[in-house]
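All remarks here apply to the structure that follows.
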Amino acid sequence: MNHGRVSASLKYAILILYQKKVGRWILNQLKPLQMRTLLPLLLLAQEIPVGNVFSYQHLNKVAETARKLGIFVIADEVYAHLAFGNNPYVPMGEFGSIVPVLSLGSISKRWVVPGWRFGWIAACDPNGILKKYGIVDSIKSYFNISSNPATFVQAAIPQIFEKTKDDFFSKIINIMREAADVFHEKTKEIPCVTCPHKPDGSMFAMVKLNLSLLEDISDDTDFCLKLAREESVIILPGVAVGLKNWLRITFSIEPESLEQGLDRMKAFCQRHSRK
């Protein structure tokens with residue numbers, strides 16, 4: 001198999017998560033490979049880092065496309081349930097009868113304990129395909145070489161799962177929804193960036209950087225370095241997640257701090273705008 005073609009095609013597959021296209025488009029890009037091995041399709045829940053939330057129909061098309069190609073799906077669902085727009089969160093495991101799914105979950109985001117590093121892998125495969133091809137056994141074999149979570153985390157997990165009330169999650173969702181509203185409105189005031197889609201989930205959003213409106217800024221990395229130096233505002237250059245000249249911004253902070261940070265970013269852009 002030509003690994004260069006595989007890598008390029010996986011890139012195409014992941015790009016549909018940014019472009020909100022699915023089905024025939026993925027199929028047309030991947031079908032020429034005529035893959036003879038089980039090559040997974042990576043699916044990012046809440047379309048990290050864009051902040052879109054896939055509909056049931058969208059995910060169903062992803063599952064059907066993967067089935068036609070004879071590949072399984074790895075669903076990164078660390079941001080599961082952090083959805084606050086029009087589309088409710090739908091776990092990819094719902095489509096396990098169509099295509100095998102490996103779901104990656106974590107306590108860090110939904111329970112807001114990012115430093116705990118406790119997660120899990122769930123196989124959603126009622127037809128037993130992953131077991132047949134040894135995928136499940138391969139995953140289990142890594143249990144012997146990975147470090148275990150801290151003992152206090154292991155002790156706390158049962159209590160957290162059993163006793164966290166629904167109002168805790170509701171409060172988190174309301175805070176994130178308000179922060180997403182603030183983020184979307186404030187970015188409209190910054191001429192050199194464009195937010196193509198108001199975040200519907202997760203804690204991050206991507207904005208497009210228009211370098212033609214700026215002077216002495218060469219790319220997204222240069223923008224972020226100078227912004228940090230001049231305004232003490234830290235954001236991630238889009239090139240770090242495969243989108244050059246985009247910016248990845250988190251809105252999971254207090255709305256007042258978010259407004260202040262975006263105001264500083266606006267001032268920075270005004271100082272560096274073309275005269």
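Positions are given from 1 along the sequence. Below, each value reflects all heavy atoms present in this structure, side chains not excepted, and no hydrogens, waters or symmetry copies. Quick caveat: nothing in here was measured; it's all calculated off a predicted structure.
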Could you tell me which residues satisfy salt bridge (Lys or Arg N to Asp or Glu O under 4.0 Å) with Glu178, sequence neighbours excluded, listed by chain and number? none
Can you list everything that forms a ring-ring contact (aromatic ring centres under 6.0 Å, His included) with Phe169? Sequence neighbours excluded, please. Trp111
Would you mind writing out the side-chain donor-acceptor pairs for residues 232-243 within the sub-3.5 Å range, not counting sequence neighbours?
none

Test of understanding: with side chain to side chain donor-acceptor pair (under 3.5 Å), list the residues that count as partners of Thr194, not counting sequence neighbours. none
Quick one: ring-ring contact (aromatic ring centres under 6.0 Å, His included) partners of His272, sequence neighbours excluded? Phe268
Could you list the residues that satisfy salt bridge (Lys or Arg N to Asp or Glu O under 4.0 Å) with Glu254, not counting sequence neighbours? none
Residues which pass salt bridge (Lys or Arg N to Asp or Glu O under 4.0 Å) with Glu259, listed by chain and number, not counting sequence neighbours: none
Qualifying salt bridge (Lys or Arg N to Asp or Glu O under 4.0 Å) pairs with a residue from residues 117-135, counting only residues at least two apart or across chains: none
Using the salt bridge (Lys or Arg N to Asp or Glu O under 4.0 Å) rule, collect all pairs that involve residues 217-227, keeping only residues at least two apart or in two chains. Asp219-Lys244, Asp222-Lys226
Run the ring-ring contact (aromatic ring centres under 6.0 Å, His included) test against Trp116 and tell me which residues pass, sequence neighbours left out. Phe152
Partner residues of Lys186 under the salt bridge (Lys or Arg N to Asp or Glu O under 4.0 Å) criterion, sequence neighbours left out: Glu189, Asp263
Residues forming a ring-ring contact (aromatic ring centres under 6.0 Å, His included) with Phe95, sequence neighbours excluded: Tyr56
